[in-house]
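What you see is a predicted model, and the numbers here were worked out from it, not measured in a lab.
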Amino acid sequence: VQLQASGGGLVQAGGSLRLSCAASGRTFSRNVMAWFRQAPGKEREFVGAIRWSGGATNYPDSVKGRFTISKDNAKNTVYLQMNSLKPEDTAVYSCAAFLALATYYSDSYYSNPANYDYWGQGTQVTVSS
């Protein structure tokens, strides 16, 4: 699976931005697709995930209600819609994927980057105050 993230940029606080992650290669019907972010000097942080089959989503409390993950099956693309952006959302955002062999995964499983087998390059998001 190859992942290509795009859509980053500079936005003012309170604004919105949509990131895209285009997937290619192996079939995706059993994949979980996710977004992570990493700010300078900080650990990689889970931003949200979506199951390709069924579309179930999972978000951490830090972005719940502001960020939304969606997918376009025809385009093999996952989106991260970010609203009400804050300066603390500034980071490099990366998309990732793993093959979902189970029907259930815990929140901690989704949020652990070590569980993801495929990664795309990051896209910079900068939120100015």
Please tabulate, for the side chains in residues 13-23, all donor-acceptor contacts under 3.5 angstrom to protein atoms that are two or more places apart in sequence or on a different chain.
from: S16; atom 1: OG; to: N83; atom 2: OD1; distance (Å): 2.9

Residues 122-129, side-chain donor-acceptor partners within the protein, below 3.5 Å, at least two apart:
from: T123; atom 1: OG1; to: G8; atom 2: N; distance (Å): 3.0
from: Q124; atom 1: NE2; to: A91; atom 2: O; distance (Å): 3.4
from: Q124; atom 1: NE2; to: T126; atom 2: OG1; distance (Å): 3.4

CA sep, side-chain torsions, deciding dist, call: M82, L80, side chain to side chain contact (heavy atoms under 4.5 Å, CB included): CA-CA 6 Å; M82 303 183 293; L80 177 66; 3.8 Å; yes
- prompt: Taking it one step at a time, do W119 and S94 satisfy side chain to side chain contact (heavy atoms under 4.5 Å, CB included)?
  reply: CA-CA 7 Å; W119 289 84; S94 301; 4.2 Å; yes
message: Evaluate V63 against R37 for side chain to side chain contact (heavy atoms under 4.5 Å, CB included), listing each step before the verdict.
response: CA-CA 12 Å; V63 305; R37 66 186 181 186; 4.3 Å; yes
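A ring pair (Phe, Tyr, Trp, His ring centres under 6.0 Å) check over residues 59-92, counting only residues at least two apart or in different chains, returns nothing.
Nearest heavy atoms, S108 versus S106: OG-OG, 3.0 Å. Closest non-hydrogen pair, R51 versus Y104, comes out as NH1-N, 4.0 Å. Nearest heavy atoms, W52 versus K71: O-CE, 2.9 Å. When all heavy atoms of G48 and I69 are compared, the closest pair comes out as C-CD1, 3.0 Å.
A donor-acceptor pair under 3.5 Å links the side-chain atoms of Q121 to the main chain of A5, judged by distance alone. Between the side chain of N31 and the main chain of M33, no donor-acceptor pair closer than 3.5 Å is present.
Put simply, the side chain of D107 does not reach to within 4.5 Å of the side chain of F46, judged on heavy atoms. The closest side-chain heavy-atom distance from E45 to Q38 is not below 4.5 Å. S62 has its side chain out of reach of E88: every pair of non-hydrogen atoms, C-beta onward, lies at least 4.5 Å apart. Side-chain contact between N115 and Y110 is absent, with no heavy-atom pair separated by less than 4.5 Å. Looking at L3 and Y118, their side chains come closer than 4.5 Å, going by heavy atoms from C-beta outward.
Rounding to the nearest 0.5 angstrom, the gap separating the CG atom in N76 from the CD atom in Q2 is 11.5 Å.
Salt-bridge check for K86 with D89: failed, with every basic side-chain N at 4.0 Å or more from each acidic carboxylate O.
Side-chain heavy atoms closer than 4.5 Å link hydrophobic residues (I, L, V, M, F, W, Y) into clusters, and following such links, possibly through other members, connects V11 to Y93.
Residues satisfying the ring-ring contact (aromatic ring centres under 6.0 Å, His included) criterion with F98, sequence neighbours excluded, are Y105, Y109, Y116. With sequence neighbours left out, the side-chain hydrogen bond (donor to acceptor under 3.5 Å, both in side chains) criterion links K75 to no other residue. For T103, the side-chain hydrogen bond (donor to acceptor under 3.5 Å, both in side chains) test picks out no residue, with sequence neighbours left out.
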